[in-house]
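As structure tokens, the structure follows; a few thoughts come after it.
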Amino acid sequence: MTVRTRFAPSPTGFLHIGGARTALYCWLEARRRGGDFILRIEDTDRERSTDEAVQAIIDGMAWLGLVHDEGPIYQTHRMDRYREVAEKLLAEGKAYYAYETKEEIEAMREAAMAAGLKPRYNGFYRDRAEPLRDDPNRVIRFRNPSEGSVVFDDKVKGRIEWSNTELDDFVIFRSDGFPTYNFAVVVDDIDMGITEVIRGDDHVNNTPRQINVYHALGAPVPEFAHLPMILGPDGQKLSKRHGAVSVMQYRDDGFLPHALLNYLVRLGWSHGDQEIFSVEEMTRLFDIADVNKAASRFDVTKLSWLNQQYLKNDNPADIAAEFTWHLQQAGIDPSTGPKPKDVIVALRDRVQTLKEMAERARTWYAPITEWDPKAVEKHLRNDTAVPVLNASREALAALPEWAPEAIHGVVEAVAAKLALGMGKVAAPLRVAMTGTQVSPSIEHTVYLAGREGALARIDDAIARSGA
RNA sequence: GCUCCCUUCGUCUAGUGGCCCAGGACACCGCCCUCUCAAGGCGGGAACACGAGUUCGAGUCUCGUAGGGAGCACCA
């Protein structure tokens, strides 16, 4: 039987970090085992579900490259099917109608709590052969086994046993005619042939009752794998106050999709001491059974390190498009300066995100507007600055080929000619090119300014030297 | 309250009874390299929650304690 996994978010917001990891694990498990990955939208909560959220989830997954093989399948399109299955259960006596009001149920819960028991439905209508009647409070409840226990072997948590006496006859169809989650998921997972249910561990408690529904329906029970939560850096539940929780926010902040994927795959899973995994390696090495049981914390610092690893090792041409997008986001017109891929080569050892890179690249796409007074004072207004600038200008103007290596040769030649150290030559040039004391290596800094730009900036710097 | 789950350096983790007076990575500190800033190299400090037990031997198995989490809806 082919493996089939699914990612089943409810469309009530953007795709967040936790959901993305769940989707990643589902996707990887399907890929490694040659199976299918299905996207299902759990939109039966009419109050909170929105079309924008559906789109946001699809966009987030597309950016990450987590493509589904089937779907999206919408639960709201399957109402007739849920009804049909509920009718079947009713006919077989595996479910029954109940008529308590919400207030009565609430009173029941409170009484149980007061008695030190867990709040459960008391089964009032369970064995009462009352004729069907119309009632605004009519719901359908599942007839849960009253004895024995449910045992399942969770792929990440291990063996879990649950006594049926802990479970009550839960509602499978609400009075408003909509199915409830615990019922709809089972019907969906059966119909879609899901073999591995991979989801957040906030669902472990639901699993035993769902397994009972599988049994009632005579369907094979799938494998379950419950993933531990991803916490914020402070160990608290991840939320907006921790900063970015939306996957798309990470794109906006300058992270590469595969860097995020790499970070996420290592959060709760490992393969020996390996830290860097290409997507291809992940699909080969990842095994849901190797996932850790304990929750983990989200650490942007390590994500940033990983992001830089990819910035440094990817082919610049491959990330040029993503970088160009960031230039535009920063209000920079890429056509007014050097080729993005050249900028990447110069800056990738110096920044951790594409957003930072775009910011630092600004100096080559527009005239210098701010001169650091300290830089001007220290490196332009001294005895050697003007001679260095003049000699450099002359050599640069005569350079046959405008390339970093050639420019490096010019800097060395000027240093030799004036009997100065490299630093004495690079510093004034750096200030001339950027107005600051910090930039990539001097040959790249000059190169990126372009010949015309570099000569003009040198002239400007000489003017500012006070000479 | 009840049920279930979790617990190795600050963080992510390796570890499946002897290879562990616990390894890697991020972060941090120091040194080296160096045209600035980085990147890189080398080195350093830093953890088995606690207590019993099983065993010749426990981070690894069992029980308990403490701490943390999840769920207990006509929400998913």
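Not measured: the values here are computed from a predicted model.
Taking atom CD1 on A:Ile442 and atom P on B:U34, their separation rounds to 18 Å, with Å as the unit. Distance CG (A:Asp290) to P (B:A14): 9 Å, rounded to an integer number of Å. When the P atom of B:G40 is taken as reference, atom CZ of A:Arg348 falls 12 Å away, rounded to whole Å. Rounded to whole Å, the distance from CZ on A:Arg297 to C1' on B:U13 is 14 Å. Remark: C1' of B:G40 and CG of A:Asn313 are 12 Å apart, rounded to the nearest angstrom. In this structure, A:Asn164 places its CG atom 16 Å from P of B:U3, rounding to the nearest Å. Between A:Leu231 atom CG and B:U7 atom C1' the separation is 13 Å, expressed in whole Å. Here the P atom of nucleotide B:C5 and the CD atom of A:Glu166 are 12 Å apart, to the nearest Å.
Taking atom C1' in both B:A73 and B:A27, the straight-line distance is 43 Å, to the nearest Å. Taking atom P in both B:C19 and B:U60, the straight-line distance is 13 Å, to the nearest Å. The separation of B:G44 from B:C50, taken at their P atoms, amounts to 26 Å, rounded to a whole angstrom. Between B:U3 and B:A47, the distance separating the two C1' atoms is 32 Å to the nearest Å. Taking the C1' atoms as reference points, B:C4 lies 47 Å from B:G43, given to the whole Å. When the C1' atom is compared between B:U16 and B:A58, the two are found 12 Å apart, to the nearest whole Å. Rounded to a whole angstrom, the distance from the P atom of B:C61 to that of B:U8 is 14 Å. Straight-line distance between the C1' atoms of B:G10 and B:A46: roughly 9 Å, to the nearest whole Å.
Judged by a 6.0 Å distance limit and a 45° cone about the ring axis, A:Arg266 is not positioned over the six-membered ring of A:Phe277. Relative to the six-membered ring of A:Tyr99, A:Arg138 misses at least one condition, a distance below 6.0 Å or an angle of at most 45° to the axis.
When the nearest nucleotides of RNA chain B are assigned to A:Gln308 and A:Gly268 by heavy-atom distance, the more 5′-ward of the two goes with A:Gly268.
The side chain of A:Arg430 lies closest to B:U36, out of B:C4, B:A14, B:U36. Considering only side-chain atoms of A:Ala294, the nucleotide from B:C6, B:U13, B:A39 that sits closest is B:C6.
Looking at heavy-atom distances under 4.0 Å, A:Gln437 makes contact with a base. At a threshold of 4.0 angstrom between heavy atoms, the contacts of A:Leu267 are confined to the sugar-phosphate backbone, with no base atom among them. Using a 4.0 Å heavy-atom cutoff across all strands shown, A:Pro228 reaches no nucleic acid atom at all.
A 3.5 Å limit on both hydrogen-bonding distances identifies B:C42 as the Watson-Crick or G-U partner of B:G30. The partner of B:G71 is B:C2, by the rule that a Watson-Crick or G-U pair needs both atom distances under 3.5 Å. In this structure, B:C48 makes no Watson-Crick or G-U wobble pair, since no nucleotide meets both defining distances under 3.5 angstrom. B:A66 is paired with B:U7 under the Watson-Crick or G-U wobble criterion, all donor-acceptor distances under 3.5 Å. As the counterpart of B:C37, no nucleotide is assigned, since no Watson-Crick or G-U wobble pattern has both distances under 3.5 Å.
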Subject >> Protein proximity profile, nucleotides 64-76 of chain B - base contact B, sugar-phosphate-only contact S, no contact -, cut-off 4.0 Å on heavy atoms >> reply: ------BBBSBBB
**OP:** Could you encode protein contacts along nucleotides 44-50 of chain B as a string, one character per nucleotide from 5' to 3', using B for base contact, S for sugar-phosphate-only contact and - for no contact, with a heavy-atom cut-off of under 4.0 Å?
**Re:** -------
**OP:** For each nucleotide in nucleotides 19-30 of chain B, reading 5' to 3', give B when a protein heavy atom comes within less than 4.0 Å of its base, S when such contact involves only the sugar-phosphate, and - otherwise.
**Re:** ----BBBSS---
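For A:Lys312 and B:G40, the shortest distance from a side-chain N or O to OP1 or OP2 is below 4.0 Å. Taking 4.0 angstrom as the limit, A:Lys293 places a side-chain polar atom (N or O) nearer than this to OP1 or OP2 of B:C6.
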Donor-acceptor contacts, no H, no angles, side chain residues 442-449 of chain A, under 3.5 Å, sequence neighbours left out:
from, atom 1, to, atom 2, distance (Å)
A:Glu443, OE1, A:His408, ND1, 3.4
A:His444, ND1, A:Ser441, OG, 3.0
A:Thr445, OG1, A:Ser439, OG, 2.8
A:Thr445, OG1, A:Pro440, O, 2.9
A:Thr445, OG1, A:Ser441, O, 3.0
A:Tyr447, OH, A:Asp342, OD2, 3.0

Could you list the donor-acceptor pairs under 3.5 angstrom formed by side chains in residues 183-192 of chain A, with sequence neighbours left out?
from, atom 1, to, atom 2, distance (Å)
A:Asp188, OD1, A:Arg78, NE, 2.6
A:Asp188, OD1, A:Arg78, NH2, 3.0
A:Asp188, OD1, A:Tyr82, OH, 2.8
A:Asp188, OD2, A:Gln75, NE2, 2.6
A:Asp188, OD2, A:Tyr82, OH, 2.9
A:Asp189, OD1, A:Arg6, NE, 3.0
A:Asp189, OD1, A:Arg40, NH1, 2.8
A:Asp189, OD1, A:Arg40, NH2, 3.2
A:Asp189, OD2, A:Arg6, NH2, 2.8
A:Asp191, OD1, A:Arg81, NH2, 3.0
A:Asp191, OD2, A:Arg78, NH2, 2.7
A:Asp191, OD2, A:Arg81, NE, 2.8

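Side-chain N or O atoms of A:Asp372 include none that pairs as donor or acceptor with a backbone N or O of A:Thr436 at under 3.5 Å. Using modelled atom types, one side-chain atom of A:Glu104 and one backbone atom of A:Thr101 make a donor-acceptor pair closer than 3.5 Å. In terms of modelled atom types and a separation under 3.5 Å, the side chain of A:Arg126 and the main chain of A:Asn144 share a donor-acceptor contact.
Residues A:Tyr96 and A:Asp169 bring a donor and an acceptor atom of their side chains to less than 3.5 Å of each other. Side-chain atoms of A:Thr180 and A:Asn182 include no donor-acceptor pair closer than 3.5 Å.
Aromatic rings of A:His326 and A:Phe323 (six-membered ring for Trp) have centroids beyond the 6.0 Å cut-off, not under it. Between A:Tyr310 and A:His258, the distance separating the two ring centers is shorter than 6.0 angstrom.
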**OP:** Test salt bridge (charged side-chain N to carboxylate O under 4.0 Å, His left out) on A:Glu106 and A:Lys102 and set out the steps.
**Re:** CA-CA 6 Å; A:Glu106 184 55 32; A:Lys102 288 179 183 175; over 6 Å; no
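In this view, A:Gln55 and A:Asp59 satisfy the side-chain hydrogen bond (donor to acceptor under 3.5 Å, both in side chains) rule, not counting sequence neighbours.
Considering A:Phe298, A:Phe255, A:Trp269 in turn, A:Phe298 is the only one that fulfils the ring pair (Phe, Tyr, Trp, His ring centres under 6.0 Å) rule with A:Tyr263.
Side-chain atoms of A:Glu161 stay outside donor-acceptor range of the base of B:C4, with no qualifying N/O pair under 3.5 Å.
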